Protein chains: 2
Amino acid sequence: MTQRNSRSTIREVAREAGVSVTTVSHALSGKGIVAESTRAKVVETARRLRYRPNAVASGLRNNRLGILALVLRPLDTLESFLPEGVDYFLRFAGAASLSALEHGYGLMLLSDPTLPDAPSISLAADGFIITEPVENDPVIDLLQAEGIPLLTVGKDLGRPHYDAWIEPRTAKITRHVLDHLEENGAARVAIAIGTDRNSWNITTEASYREWCSERGQEPIVVTQRETSGTLGGRAIGEEILSMTDRPDAVYCLTGRHAAGMMARLGEAGIASPADILIVAGSDSEQTRNSVPPISAIDLEPEVLARAAIAALVEQLVGIPNRGSEAGTDGRFIIRGSSQR
Amino acid sequence: MTQRNSRSTIREVAREAGVSVTTVSHALSGKGIVAESTRAKVVETARRLRYRPNAVASGLRNNRLGILALVLRPLDTLESFLPEGVDYFLRFAGAASLSALEHGYGLMLLSDPTLPDAPSISLAADGFIITEPVENDPVIDLLQAEGIPLLTVGKDLGRPHYDAWIEPRTAKITRHVLDHLEENGAARVAIAIGTDRNSWNITTEASYREWCSERGQEPIVVTQRETSGTLGGRAIGEEILSMTDRPDAVYCLTGRHAAGMMARLGEAGIASPADILIVAGSDSEQTRNSVPPISAIDLEPEVLARAAIAALVEQLVGIPNRGSEAGTDGRFIIRGSSQR
DNA sequence: CTAATCACCCAAAACGTTTTGGGCAAGACT
DNA sequence: AGTCTTGCCCAAAACGTTTTGGGTGATTAG
């Protein structure tokens, strides 16, 4: 057994400094009233003994461990952290970690804590970030039942009155993309969205329909499971090929779908950008590597992650969150697939 | 203040079931001897009260929190989790998280815990994974002083007798690459390595020199800071251009360097693969996206991460680690830059 | 001169577990 | 008959903090 030798305790510091543990605690935390001379003495002996308060003990006492948890919901439906096509989430996780550290918290990556074999430490986190919850997400039910603060990235549409969320300005982004396609000569714009009932899919569709009705265009909506990857993208291409009145532009939410679709259409002689304009709703390796490279929205997960952590930390110190759209409209990266 | 209402405690379960807390503890953990009838009764009331043991309290008592920490050392020298060029680390982190969860642990991403403002929770982890430690890494000193188990990915070369490490078969990989270059017609092979004194750089250089001496080739070693990115790669190109007896192949450890170098050489009229063969030691977006795409080693961080977590968990249950090369030789992805 | 305030300090309780060191019957051996 | 196991159970201690609720003695106010 690895012996964890001799981490010194507050009691030892107290004995060594000739004061009570109360005084040590006060001296180090700056809470009670303690004479400057004794405070100095305590600080000095603490330093000498290399004393560091035991975070678990103080966590137990304070009911505050100093850990935030991050649950990337869409990954719970994938079979694993795929190396490709998930760079959005990995960037999010990295940025969230750093941001948490800056706020004095550690960040724990978790998968679905409702699973029976979830480590019991899961529920010991001080607060949770849940990205892209599904509608009426059971993870949220669990956390609420346990009284654990949480913040979602992307609204849970089944909880219209729940206010602890943050999300990009999806409606604005959608219009931005659609306008761009129109400006580049598109007359019939279709969208391809995922099947998860999350805010991104649903808000995008709603904005799209609104945009269409303003122009009297008949909406064309194709859906495809987000997990289906480039193969699913090919299926979207298939569906578009079969349409009698084919669209001349597609806004495809996931990058892998966009790449697969473009490949399939290309095989059928429909080239981009000549015959069809394509924009992807999230940037990924596939959109960057396609020929031509596919225009995409970089959702700037770093910005979202920082905002999410900041909001959660605020909630933890007692400032209630009010649902808000984070300071990102995405960065629209215009590449070859949508310009002519 | 968010009120964390009414998580039920073991005491409540005991009262409700009409037994002592000892018995509840034993019944649920399966440790002591308890009559089957009372065990059933306890389990039932625990379920009814939705009792979940408080991980912090049991962590305090057991000196085992159920959290592992991951410190990606090379990122501590970067300014932040860069979105590009660090996909190796992000893949590592993702795979490590999942692997930890499978072993019943949470995984915390940390940066350098020796920093004065590191959250105190940092040292509460049950064990640490340190990737690519620098020589005589102070993080290792700290963890050893605190008696916290750790495992490094890549040896700390300043600690030749320290056995808790794991790493890919760098020597074998190096020879594999060099042989490949030779087979494709290279007569003078150079290497470009980073300046960090970590196992990857140093072992690669040693293997390279050995390989050279076997052939009587004079070694050509260019060094460049890892953090310098594609710009540093251009500097490598510059250096190669200035050589009187120019190499006709370069094995460049980092992907960004390789891409920058190829770009610079191309500008000077030295094309790959016609005039110079190039292989990168780690695959990244830049190697995949260059024209021509650059051959690279995929170090399979997922494999390494799983092995690292497994070894650390073994250490935690008392099986000492013996330094070992993990089951990966890397996956050599041969692209256009190294074939003719 | 007494009472009240103040600055400083501390013992003990509490956080929710796990483990130690028994106690008490009932049955099994001398 | 008494003594030993054995099966089952429990009270209390312990993990290392923070906070509560005083307790001093010295200074100030009445």
Side-chain angles (χ1 to χ4, degrees), chain A residues 1 3-43 45-46 49-66 119-121 123-124 126 146-147, chain B residues 1 3-43 46 49-66 119-121 123-124 126 146-148:
Chain A
M1 184 65 60
Q3 74 165 352
R4 142 165 325 211
N5 59 333
S6 74
R7 180 103 161 256
S8 55
T9 74
I10 197 175
R11 216 176 304 270
E12 291 166 344
V13 176
R15 182 158 37 73
E16 195 74 10
V19 297
S20 73
V21 296
T22 307
T23 302
V24 174
S25 177
H26 283 162
L28 296 180
S29 69
K31 279 204 171 158
I33 303 173
V34 34
E36 183 46 39
S37 59
T38 64
R39 132 173 261 103
K41 186 175 53 182
V42 168
V43 168
T45 59
L49 300 187
R50 289 192 175 68
Y51 169 70
R52 293 162 180 271
N54 179 318
V56 180
S58 81
L60 174 59
R61 176 62 225 227
N62 294 337
N63 208 354
R64 179 202 177 280
L65 235 203
S120 67
I121 188 67
L123 293 179
D126 298 334
E146 297 283 340
Chain B
M1 184 66 62
Q3 74 166 355
R4 144 165 325 211
N5 58 333
S6 72
R7 180 106 160 254
S8 55
T9 75
I10 197 175
R11 217 175 303 272
E12 292 166 345
V13 176
R15 181 159 36 74
E16 195 75 10
V19 297
S20 74
V21 296
T22 307
T23 302
V24 175
S25 178
H26 283 162
L28 296 180
S29 70
K31 280 203 169 155
I33 303 173
V34 33
E36 183 46 39
S37 60
T38 63
R39 132 174 260 103
K41 186 174 55 182
V42 168
V43 167
L49 298 187
R50 289 194 174 69
Y51 169 71
R52 294 162 179 271
N54 179 318
V56 180
S58 81
L60 174 59
R61 175 61 225 226
N62 294 336
N63 208 357
R64 180 201 176 282
L65 236 203
S120 66
I121 188 68
L123 294 179
D126 298 334
E146 298 283 341
I148 302 176

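First the proteins, then the strands, lettered A, B, ... as listed; each starts at 1. Everything numeric here is computed off the predicted structure, so don't read it as measured data.
- Distances shown here put every side-chain N or O of B:T9 at or beyond 4.0 Å from the OP1 or OP2 atom of C:dG16.
- Mapping B:L60 and B:V21 onto DNA chain D by nearest heavy atom places B:V21 closer to the 5' end of the strand.
- Atom C1' of nucleotide D:dG21 and atom CD1 of A:I33 are separated by 14 Å, given to the nearest angstrom.
- Residue A:T22 is in base contact, counting any heavy-atom pair closer than 4.0 Å across all strands shown.
- Remark: B:L65 CG to B:I121 CD1 distance equals 6.0 Å, nearest 0.5 Å.
- Remark: B:S20 is in phosphate contact with D:dC10, judged by side-chain N or O atoms under 4.0 Å from OP1 or OP2.
- At a threshold of 4.0 angstrom between heavy atoms, the contacts of A:V56 with the nucleic acid are absent.
- Comparing C:dT20, D:dG16, C:dT17 against the side chain of A:A57 picks out D:dG16 as the nearest.
- Distance CG/A:L28 to CZ/A:R52: 13.0 Å, rounded to 0.5 Å.
- Heavy atoms of A:T38 sit under 4.0 angstrom from primed sugar atoms or phosphate atoms, though from no base atom.
- Looking at heavy atoms from C-beta onward, A:S25 lies out of side-chain contact with A:T22 at the 4.5 angstrom threshold.
- Within the 4.0 Å cut-off from OP1 or OP2 of D:dT18, not a single side-chain nitrogen or oxygen of A:K31 is found.
- One interatomic measurement links the two molecules: CG of A:L28 to C1' of D:dG16, which rounds to 14 Å at whole-angstrom precision.
- Of the candidates D:dT19, C:dC9, C:dT18, the closest approach to any side-chain atom of B:N62 belongs to C:dT18.
- Residue-level contact check: A:S25 touches the bases, meaning some heavy atom is under 4.0 Å from a base atom.
- Between A:V42 and A:R39 there is no side-chain heavy-atom pair separated by less than 4.5 Å.
- Donor-acceptor pairing under 3.5 Å, judged by distance alone, is present between the side chain of A:R61 and the base of D:dT18.
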